[in-house]
Amino acid sequence: MNLIEFANPAGWWWAFIALPIIAFHMLRVRVKRQPVSTLLFWDRLFDEKKPRAWWQQLRHWLSLLLQLAFLSLLIGALVDPLWSWQKNQSRKVILIIDNSASMAVIDTDSSRSTGPSRFEQAKRAAASLVRALRPNDELAVITAGGRAQVAIGLTDHARSLLDAINRIEKTDTPNALTAAVNLAKRLIPDSSTSSSIVLLTDGNDPALEELAADNSLTIQNFGKPTDNLAITQFQVRRSLLDAISYQVLVEVSNFSSSAIACRLELNLEDSLVDVIPLEIEPGTSKTLNLDHASASGGQLVATLNHNDALDADNRALAILPQLNRIPISVASPGSIFLTGVLASIPLVEVTNESPTPNSIAVFHRDIPQQLPTGKLLIVNPRNDCDAWTIGQPIETPLASVIAQSSPITQHVRLDNVLFPGALELNFKDGAETLIQTPLEQPLLSLIHRPNGDVLVLNVDLDLGDLPLRIAFPVLMKNAVEWLHGNQGVLQPAFATGQPVTIQLPQTLNQPSPQQPSQSNSTAELEIVQPDREQTATHTFSLRSPAGNETPLASDSTTATIPMLDHCGTWTITTKQSAEPMMQLACNLCNRDESDLRSRSAADSKVDDAWQNIASQFLGGRPIWFYLVLASIVFTAVEWWLYQRRVVG
Amino acid sequence: MNDSTIANYAFDIARPWLLWTLLALIPIAWYYWNSLSDFPRRQRIASCIVRSLIVSCLALALAGLTLLKPTKQTFVVFAVDRSQSIDAEATAIIDNFLSQARASLGRNAMAVLDFAAEPTEVHTTPTSDTPKNLAEIRATNIAAAIESAAASIPPTHVPHIILLSDGRQTLGDAVQSAAATRMPVSTVPLPSRDEPEVQVAAVSAPADVRQGEPFYVEVTIASNHADSGFIDVYRDDILAIEQTEPIKIEAGETKLRFRQTVNDEKQVDYAVRIRDFSDTLLDDNSASGVVFAAGKPTVLLIDSQTEQINELRWALEEQGIIVQVRPTDGIPQSLSELQRFDCVIFSNVPATAMSLQQMEHLRAYVQDLGGGLIMLGGDQSFGLGGYYKTTLEEILPVRSNFEKEKEKPNLAMVLVIDKSGSMGGQKIELAKDAAKGAVELLSPSDQIGVVAVDGASYWISELHSAADKSYVMDRVSTLEASGGTNIYPGLNDAYEALNATDAKLKHVIVMTDGHSTPGDYEGILRDMVAARITVSTVACGTEADQALLQDLAKSGGGRYYLCEDPRSIPQIFAKETMTASKSAINEEPFLPQLIRPTQVLNGIELEAAPFLLGYVVTRPKATSEVILATESGEPLLAWWRYGLGMSVAFTSDAKSQWAAEWLTWPQFGAFWSQVTRHAMRKSESKGVFIEIERRSESARIVVDSVDNDVRYINGAETQVTVIDPNLKRRSLIMQQTAPGRYEAEIETSQPGSYNLEINQSKNGANTFRQSRGLVVGYPDELRLGPTNENLLRQISDVSGGRFDIAAQAAFDPGPRIAQLAVPLWPYLLIIAISLLVIDVALRRIDLSLSLRR
């Protein structure tokens, strides 16, 4: 095996350039005729100079020698010699840059108030590493914000690497150092010893301790332990209690060594909802459950008015779901009391149109023989139907036993109130009695049906004072809300960096919920016909808080969102309409990321390792580089020698 | 080629800081001014310029001048799916695609990356043989493959990833990865396996139903061909639906459903099995689903004689508890079967009726899943049932060993143990343990001897007082297996030894695993019976001479055991010892004594309780609560909390044997229902909604909880205990994620059934407790269904690639260009060399002179 090899042996042909150079030196063209008046002095001079004639001779040859030496340096460089060990040794370095939320922190100290953020520092360190790259060395860059992502694959091209590092943007995501290290390990083969992984982070990850134990990893820490106050959880959810109230869950954590007093502001669509003064002990968090009510929905924003190192976690958003109106169709001539009370319930829309599957049908006095499907509210039944038969009028229709646990009778005080005009009802399939007389005759009953429940209020509203009591609107409101069904709608706010799969709203594809029918009593396998309509793929796009649109992958019912990497409101739009179809709130809400108190104990050791790896990069350039460097010096010296006539 | 116009060319200096070498120009300029050269000025200027150019060229070479040349040269990484779902036909398509692509390579570059659960290294050399270094092929992670492929493409080429896969990913999210790469990912759909295959893809049932409410269970059958066959639906292991005609299915997915209602049950398992389809793999022909029904509590009552326990059953049913009565064969074989019940009652069930595995299930059921266990007395319960040192005894609040009272008749027992060669290894060790256990159970006034038989018989330990337990145990330890089998001499020795003692009770236990050489068994047994010696026999394995042993036990007035699992030998010995010593039963009528008043027995007038006619003697454990005791102070009713659950011991019984008087007591039903309700799992389902969402390797549990006033329960401690198919238990704290909502994610990488117990408490009070089950079937990789073209289409759509790309188009760069970096230093050196010639010429030739000439 040769000790030295040439990458470009064709360069040797240029050695022939030496021939014209030697030829020029052979030419004695330098003797120049100059007419002079006398040779007197010249002769003298000539005699004096005689001893130097051999030197005169030599000066020409020395010049030639220098030029040939210069030429050989250049040709030596051109053929690109390589030490054989150099040829085989190409190092692979995977650079992991943490671009998580906490990297935005600007570490200040007493000497300066502002400076580069941790992220800027990390990028600078990365760039300096790239500049110190040896030829044949390859480097790849992985970002570790939210998920491991390849910024640039293995390459030796410094400019592309620098561009890629420059392109890396800060995100609001928690870091994913372990995932990034795993990805890095996949990129470098186990066998090669000359590979290394360099991790540039602020050490804000509990997993770092474990990673630091890994010898194949060099970790450079940026940033100092810093105090921080953060909203670590924020969600809003429609309450089950009634239609318009909602509950907010907010957790504020104090990641510092001193107690912090501050205020938390809640705004719904830019109007102030609540201001909560907070006093949080160091190292603890405070969870608040706040009840508020709003018939409209929108964006709910929580803001901490406290200045700290990290801004991303001082503000959190959630989407309060819009409420749908509750359609109530009064199917038979209503009572003025009844329609009045129903119309006063928030969100209720009283119509005379025929009931839709979503609406509540109200029957007053006239009851159809065959009760229709759907949710029914029946007041003062006077005739038989398929669910009950009517008996005699109840003599003393006094409300005595009221079901305590039912949400329908919640807050309803009707003890010893008369229900005049009540008739005895005999339910064919049984019913849950919510209010009954001392003789256990039902006054308010609930019939459970798979295709919609029926609530029967057994009273003549035109008689007696029931409609005038405060309990009546409460009862009706409870009844409507129970029949309509509060689902406690939750449109969860997502955390950054998480994979998000969302259910698409059903307006685009209405899967028909198939209720088992009562009539088919035998258990048999039946084939479900697939709905071809549903398999069509719609085109959605996702708009980031900054306004960038990206296409969104989806199937008929769910959409998969590439990681949400910034806090704020993300919007899903369809090609078909400009209106945003869905809004997603996205917050940092990550305790580990907000906790800026450093956890890495091995900082100094880590820094030493960093110095090592940085120094390994310097030097080790190819031979041609040194030859060219030498030739520059050489040519300058030769120029001096020539101009000062040391050589001819 | 519009894109490669001059505008797209660019220069780049990789090491700009090396441009300081241009400082060499300063001395050049300086010595030009201070030159001693006598050339004409113009020639000197020219010479200086040429020399400066040489220096500049060299400096630029050092600084790394690079030409960025726009290029359409493409670097294609072929990410090839090598997972199990790729069969030979698909592999042929892959090879064909790759060789076609390679043919149109041109000046472009390519690499191949194989992947399954993880991608391998990228290799550029054309190897067609399948990679050997894929560790795990039972999973597909397309996302990781795309990431690795993206990282291996150098930026000097137009990137292109071509994914050859059937799109059936089991790990990761390929669409997200594809969107994040910023490189076009084109896809080539591979056909799914084409050997005839039919599988049950899913059995989906609503997680929660109300009792009596009809619901549909949906079955998805996936097939790669049209076929017909039978689909059997089992409901709790009972065939519920079968067809008379085969069902026809199309290629692709066929969805079927059937209507069900749950009455009087807590949990119903639906298992779907298919048969008579033309099929290749068998693993995937069944799948199960679990339905939970909220409703009345359910109790499993096990009795060796089921007809005797009807009174208890009726009493409990009258009190609104659903009772399922089973014989001992019906002891649940799996944890999920146990999970259907809130409480298990053993009435006179011996330990020998269940395997060690079943006992472990019971422990997990009580300890980790909060189930209730009640053991009733009887002649086969507690110590008499052989529970000494068993898992179940650990669970119970009482111990079965006890200090025997002095006046009890003393026992002389001889163990005749077959030590033949076939007993070697585990069997002989267990026999030794069993013998030692028997020694432990004996009281000091008893005597024990151990005879070992092979061809002949030896006294391992002569008949010796059980007061010196360590002596006997040391002797037993010397037992080693060798030789043949002849139990007759052993019996004879036992007879002679026992006959010589004056013990009141005399008993022999014979254990063997083989056929004995013939002997006068009838004769010796006659003698033994005459000497009031009883004989029990244990057949260790089915190989043993069962007929002989049965005969021996029958004529010897003892019991015969067939012991298929040698690990139950110690239980049998313990049971035999306790039974033989007759000490554990006290059959004197007594009135229960209330020791510790409790809320549980509110409203029960125990003073009015009638006599009980007997009980099993036990000792209470230190932390148990003894509620009722016998007149002599031994526990009658005791309980304690064991893990999350509760175990109860009632040492008398609930049938006509000892509780004949109690059966007519008006509060018999109330007493038992109150005790049972106390023991059973407290599951309050009101206001709790549990959703279990299965992902490929994990399941997400979402709990929504509200209190009685339908307010969200916030800040409650919510915990889920998971018991995996290996009965390993883990507890996770569920994190609150929204008002009233708690979430946790559990890993479900192993197939089998997972039992979950979700438990929430706030301010020390339990708000709810619920159990759930989850069945994880065969790995997703085996889920063969059709090629997931939709996923592949989405991958290419979000990344700007092409779906179903042709091999010839693989290297079509599209509108993209990459910048190829051409280092210019060799060219700069060539320029410098050329300039050197001029430089020399300018010194050697006086141009003015030559011009003048």
Side-chain angles (χ1 to χ4, degrees), chain A residues 8 14 17 20-21 24-25 27 29 32 67 71 74 77-78 140 149-150 152-155 157-160 183 186-187 189 235 237 240-241 247 249 287 289 405 407 450 490 492 499 516 520 523-528 551 553 555 560 562-563 625 628-629 631-632 635-636 639-640 643-645, chain B residues 12 14 21 24 27-28 31 35-37 51 54-55 58 61-62 119 121 147-148 150-156 173 175-176 179-180 214-216 231 241 254-260 706 708 710-712 714-715 738-739 790 794 797-798 821 826 829 832-833 836-837 840-841 844-846 849:
Chain A
N8 178 24
W14 288 90
I17 286 284
I21 291 175
F24 284 135
H25 277 270
L27 288 173
V29 287
K32 182 174 155 190
Q67 272 154 4
L71 178 68
L74 292 184
L78 187 64
Q149 233 169 311
V150 179
I152 185 167
L154 281 170
T155 179
H157 187 229
R159 174 56 59 190
S160 307
L183 174 59
R186 279 212 299 271
L187 295 185
Q235 291 286 1
R237 186 174 194 182
L240 292 164
L241 269 179
Q247 197 171 59
L249 171 77
T287 309
N289 294 292
S405 57
L490 172 68
N520 178 13
E524 265 184 8
L525 279 173
E526 48 185 295
I527 291 186
V528 183
D555 56 22
T560 316
M563 174 181 80
F625 182 87
V628 172
L629 198 62
S631 63
I632 285 192
T635 189
W639 178 259
W640 168 70
Q643 297 297 344
R644 297 315 290 177
R645 315 264 349 199
Chain B
D12 177 36
T21 48
I28 286 171
Y31 288 107
S35 174
L36 298 177
S37 170
R51 184 53 67 105
I54 291 176
V55 169
L58 297 183
L62 281 182
E121 270 175 58
E147 279 162 14
S148 284
S152 60
I153 297 180
T156 49
D173 188 334
V175 178
Q176 284 193 30
F215 60 91
Y216 278 122
I231 300 168
I241 300 169
T254 310
K255 287 195 172 177
L256 304 116
R257 60 181 188 177
F258 55 92
R259 207 176 73 99
Q260 287 285 302
V706 291
N708 288 335
V710 288
R711 281 173 210 282
Y712 293 121
N714 292 314
N790 197 22
Q794 280 179 34
D797 281 355
V798 295
L829 289 190
I833 289 171
L836 179 65
V837 180
V840 173
R844 304 311 301 178
I845 301 164
D846 186 342
L849 201 71

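Each chain gets a letter, A, B and so on, in the order the sequences are listed, and its residues count up from 1.
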Tell me, side chain or backbone of A/P492 under 4.5 Å from chain B's heavy atoms, or both, or neither? neither
So, for A/F24 and B/V837, which heavy atoms are closest and what is the spacing to 0.1 Å? CE1-O, 3.7 Å
Could you look at A/A77 and say if it's the side chain, the backbone, both or neither that has a heavy atom under 4.5 Å from chain B? both
Looking at B/R51 and A/W639, what are the two nearest heavy atoms and their distance? CG-CE3, 3.5 Å
I'd like to know which of A/N8, A/L183, A/T287, A/I21 tops the heavy-atom pair count under 4.5 Å against chain B. A/I21
What are the two closest heavy atoms between A/L78 and B/L829, and how far apart are they? N-CD1, 3.6 Å
Is any side-chain heavy atom of B/L58 closer than 4.5 Å to one of A/L74? yes
Closest-packed option against chain A by number of heavy-atom pairs under 4.5 Å, given B/T21, B/L62, B/N714, B/I54: B/L62
Contact part of B/I28 toward chain A, heavy-atom cut-off under 4.5 Å: side chain, backbone, both or neither? both
State, to 0.1 Å, how close B/L836 and A/Q67 come at their nearest heavy-atom pair, and which atoms those are. CD2-O, 4.1 Å
May I have the step-by-step check of side chain to side chain contact (heavy atoms under 4.5 Å, CB included) for B/V840 and A/H25, ending in yes or no? CA-CA 8 Å; B/V840 173; A/H25 277 270; 4.2 Å; yes
If one checks every heavy atom of A/S160 against chain B at 4.5 Å, the contacting part turns out to be side chain
Taking every non-hydrogen atom, the tightest pair across A/R237 and B/P739: NH1-O, 2.7 Å
Most chain B-contacting option - heavy-atom pairs closer than 4.5 Å, from A/I632, A/T155, A/L154, A/V150: A/I632
